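Remember, it's a predicted structure, so these values are computed and weren't measured experimentally. All ligand and atom numbering here is 1-based and tracks the order in the structure.
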Amino acid sequence: MPPAPGRPAAPPPGATAAQPPAPGRPRPRRRAPPCAPQAVHKQPGGEPLLDVVTEEGQEVAGLPAGDCCLQNERDDTVDDLVKSDFLHEPGILHTLQVRYGLDSIYTYSGNILIAANPHKRLRQLYGPRMMAQYRGVPLGELSPHVYAIAEQAYSAMMMDEARQAILISGESGAGKTESAKMVMQYLAHRAMPAHQHQHALGGASVARTGSGGGGGGAAAPTNGVESAPIEEQVLESNPLLEAFGNAKTSRNDNSSRFGKFVEIDFDSGGRVAGASISTYLLERCGAAVAVWAPSRSYLFFYQLLEGGAASFRYLHQSDVYTLTDVDDAQEFRHTLEAMRIVGLQQHHVDAVLRTVAGVLHLGNVDFTLSSRDEAAVAGGAGIAALEAAARLLGVSDLGLEAALTTRAIDARGERIVKRLDAGAAAESRDALAKTLYARLFDWLVAAINRKINSLGSGGGAASGQQQRRSIGILDIYGFESFDLNSFEQLCINLANERLQQQFNAHVFKGEQEEYAREGIAWSYIDFVDNQDCLDLLEGGAASLGVFPLIDEACRLPRATYQARLRWSKDLAHTLRTRLAGQPRFGAPRRQQHAFVVDHYAGEVCYSAEHLMDKNKDFVVAEHAHLLGSSSLPMIRELFAADAAAAAAGGAAADSIAASAGSELPSPKRGRRSAFMLSSVGARFRKQLAGLMGTLGRCQPHYIRCVKPNAESRPGSLAPEYVLEQLRAGGVLEAVRIACAGFPTRKPFLPFAQRYALLLPEAAAGAKGGGGALSLPLTPSGFIDCQLDGWQLGRSRVFLRAGQLAQLEGARGRRLSAAAVKVQSAWRGMEARRQLRAARAAAVAIQAAWRGRAGRAAARQLRQDRAAVRLQAAWRMHRQRSAYQLQRR
Ligand SMILES: Nc1ncnc2c1ncn2[C@@H]1O[C@H](COP(=O)(O)OP(=O)(O)OP(=O)(O)O)[C@@H](O)[C@H]1O
Ligand SMILES: [Mg+2]
């Protein structure tokens, strides 16, 4: 296979000279910055030596050529990394760095969009006018943009009638949520008839969904919700869910604490018909009850309180109350507005506000020890908070106090009511607050879904049709690795492993299987298959994995905190012994409570402490019973299933666990605790499996968001920091395979029909059976276009990166040359016709004019002759008279 054009040296088979080597082989030196070559010294029999100038302007002489990462000459103009001359890591980073400096935050890597967070408003990049430019334009024709990816998905959906998915990933603060909102805005704009664009998107919705939630508010529909178009309802679900599910963290002031998959349905005319939202609330609302500076709790708390946050324990643990450039009062109005637009009725809005306020007051209930070491509500402030919480939640204060301070245990058929100590009562209070908040969030999502599904076609996420005109947008947490990693990171990284596998399947496996099916000569490039890592996490055919082992440990009830701590240590021991020897597992010697997983994006060390606590998602039966009998219908609704189950006894408790997706068996019979257990990990894995199933039925499009530096500073891109993200997002591997493989493929007939005009005349005239054009193509057989290395498969033509553009360019040139010929022939003909007409007209005018002049001349002549005759007659008369006078 000949090398791709522009490559400097002959590559090994199946690879290009400038690409990084396949995994397993040593990569080029990552840290060496790209440098510009000055002179080459050939060594007989050895590697050439180069004199180079480094990026910092330093001259270095005599470097072995293999050690030098050469700089691309046109970093700023290459908007697709695949088109770079040199595609090594420093080269890619240099290109991104130069582009970022010029505010070109988007760059393609083949079909993947890399979006670097600008951390500043780039107004010229967005808005209806920009959207109009990308409308109907194929990917790659205009500058890289998130709108171009949305357009690609939209046109593929309309053309192929297939489900599409736009997968947006990146680390916290990289810009996933902003990109997802822009995709949704574009789709809403694209789906609208042209005359509505200005009205619908120039106004409320676009302004509202800007970052940080700022901007002008939507005009309130006159009678609540009925007049809000479906597009607006879908867009307005964003600020609403952000208010309840986003919180400030050290890395992002507006960090989504949940993953989200929004699937927008379109009708046959391409208009939005409905949507469905699935959320993945990983944190199980830990941020509702425990936050430390510089983080804050969920945004809505601060919006509701507008400066009064310091009075509530759940908020004053962190002394960060306000955000720069965010006006909580205005945001509160926006959230209420969004609630109305998505269709919540006033009594529902009131119930939501009461629940949130109830959670806050609940947090202020303090406990102290009574004389018998039993928890009692502390002091006047504690009692006032308890009463306020009870009133807001529609329950009695005595009932609430009992639910927080006692626990009933069934032992050998006997029901024993045990009073908790102060610590356990505080834990119980926080568990209730978390459960309430989590269920409120799920209720909101369900309420939005009911509205946006019923307004449209009625098709929702639930319908698993293969053929469905829909575009799903996945905004999900990227790979995470901190100094201290726990259950959240384990789940996040599992999700990323699954998505990476899907990415592998799409980009790598799919490619290679396709080449094999089509009989394409192809030197296979290895890719890092992460199935072994998934087996380690989830369990494979032969062994249990990390998650099943945590579930197994959770099955045994642990009574006290100390006992739980001991069992956490035991869990670390269990994991380290039972998973020892698995290829992706490591047990660090110095940290006995930790284990290491070698993920596709690097090794992550997890602490086994708190894994069990975080995996247990239990609802205390007393809480469920109390709130299930609340005087407020919405709160009753939140706990209806649990209350029914609690009333029905233990068997029902099992059914709750089952309905929540748990794989945990019920606690031992005979001594049943009053907890209704379910496993967060098991439920999350089940949700993930559903998501992967959906994504498997969609054509994927990828946006990889990149955070340019850890400090969220505008204007500077830290290469090492970005490199890790590119690697974690699989971008580097995708670049490699895109360059080495055949990213463009076209069926024979459309290809022949489209490019037949580029064949020499003899070949173009040849016809195959049935009138179809035959393909007497040879590698150099195109006019005006030199293509190397492309191949004919069994059913399709396989082109290398950039070759389609060359063909299109040549076709464009040929068509415009032909058009020029046709135009000139037509113009000639037209000019001749006009000339003939003009000449005929001139002759006619001349003839008429000459006739007129002739007639005038003849008239003159006649007059002259008549005058002469008259003169002659007069003279004759005069002479005759004179003569006769003389004669006389
Ligand atoms: N295209 C953009 N233009 C301007 N600012 C942006 C853009 N993308 C992101 N930002 C800024 O970066 C911040 C973080 O972005 P965003 O909330 O989308 O990150 P995220 O990847 O969703 O993070 P998390 O995983 O924590 O939710 C935004 O609040 C906004 O200020
Ligand atoms: Mg986000």
Checklist line | Shortest reach to atom 5 (N) of ligand 1 by a heavy atom, considering only K120, K181, E480, E178 | finding: K120
Check: What class does the angle between the rings of F487 and F547 fall in, given that below 30° is parallel, 30 to 60° is tilted and above 60° is perpendicular?
Finding: perpendicular
Check: How many angstroms lie between atom CD1 of I492 and atom CZ of F684, to the nearest 0.5 angstrom?
Finding: 7.5 Å
Check: What distance separates R251 CZ from K707 NZ, expressed to the nearest 0.5 Å?
Finding: 6.5 Å
Checklist line | Angular separation of T177 OG1 and S256 OG about the Mg ion (ligand 2), given to 10° | finding: 90°
Checklist line | N252, portion touching ligand 1 at heavy-atom distance under 4.0 Å | finding: side chain
Item checked: Subset of ligand 1 atoms that lie under 4.0 Å from at least one heavy atom of A174 -> 19 (O), 21 (O)
Check: For ligand 1, which atoms have a heavy atom of G175 less than 4.0 angstrom away?
Finding: 8 (N), 9 (C), 15 (O), 16 (P), 18 (O), 19 (O), 20 (P), 21 (O)
Next item on the list: Examine the proximity of ligand 1 to Y126 and report which part, side chain or backbone, both or neither, has a heavy atom under 4.0 Å away.
Entry: side chain
Item checked: Under-4.0 Å heavy-atom contact with ligand 1, by part of R251 that carries it -> neither
Margin query: Among S179, G173, A180, which one puts a heavy atom closest to atom 23 (O) of ligand 1?
Written below: G173
Notebook entry, point to check: Can you list the atoms of ligand 1 that are under 4.0 Å from a heavy atom of N254?
Noted result: 17 (O)
Note to self: Measuring from atom CD1 of I277 to atom CD1 of I452, what distance do you get when rounded to the nearest 0.5 angstrom?
What the structure shows: 4.0 Å
Note to self: Under the side chain to side chain donor-acceptor pair (under 3.5 Å) test against K260, which residue among T177, N238, D475 passes?
What the structure shows: N238
Next item on the list: Using distance alone, decide if ligand 1 has a nitrogen or oxygen within less than 3.5 Å of any nitrogen or oxygen in R257.
Entry: no
Margin query: Tell me whether the NZ or CZ atom of R704 lies within the 45° cone about the ring axis of F503 and under 6.0 Å from its centre.
Written below: yes
Next item on the list: Look at the aromatic rings of Y147 and H145 and report parallel, tilted or perpendicular, splitting at 30° and 60°.
Entry: parallel
Checklist line | Per-atom contacts, ligand 1 versus E171 - under 4.0 Å to a heavy atom | finding: 21 (O)
Check: Does ligand 1 have a heavy atom under 4.0 Å from the side chain of P118, from its backbone, from both, or from neither?
Finding: side chain
Notebook entry, point to check: Think R257 forms a cation-pi with Y298, using NZ or CZ under 6.0 Å from the six-ring centre and within 45 degrees of its axis?
Noted result: no
Item checked: Element-labelled atoms of ligand 1 that are located less than 4.0 Å from some non-hydrogen atom of S256 -> 24 (P), 26 (O), 27 (O)
Next item on the list: Kindly compute the distance separating CE (M339) from CD1 (I448), expressed to the nearest 0.5 Å.
Entry: 9.0 Å
Notebook entry, point to check: Is it true that L122 lies under 4.0 Å from ligand 1, counting heavy atoms only?
Noted result: no
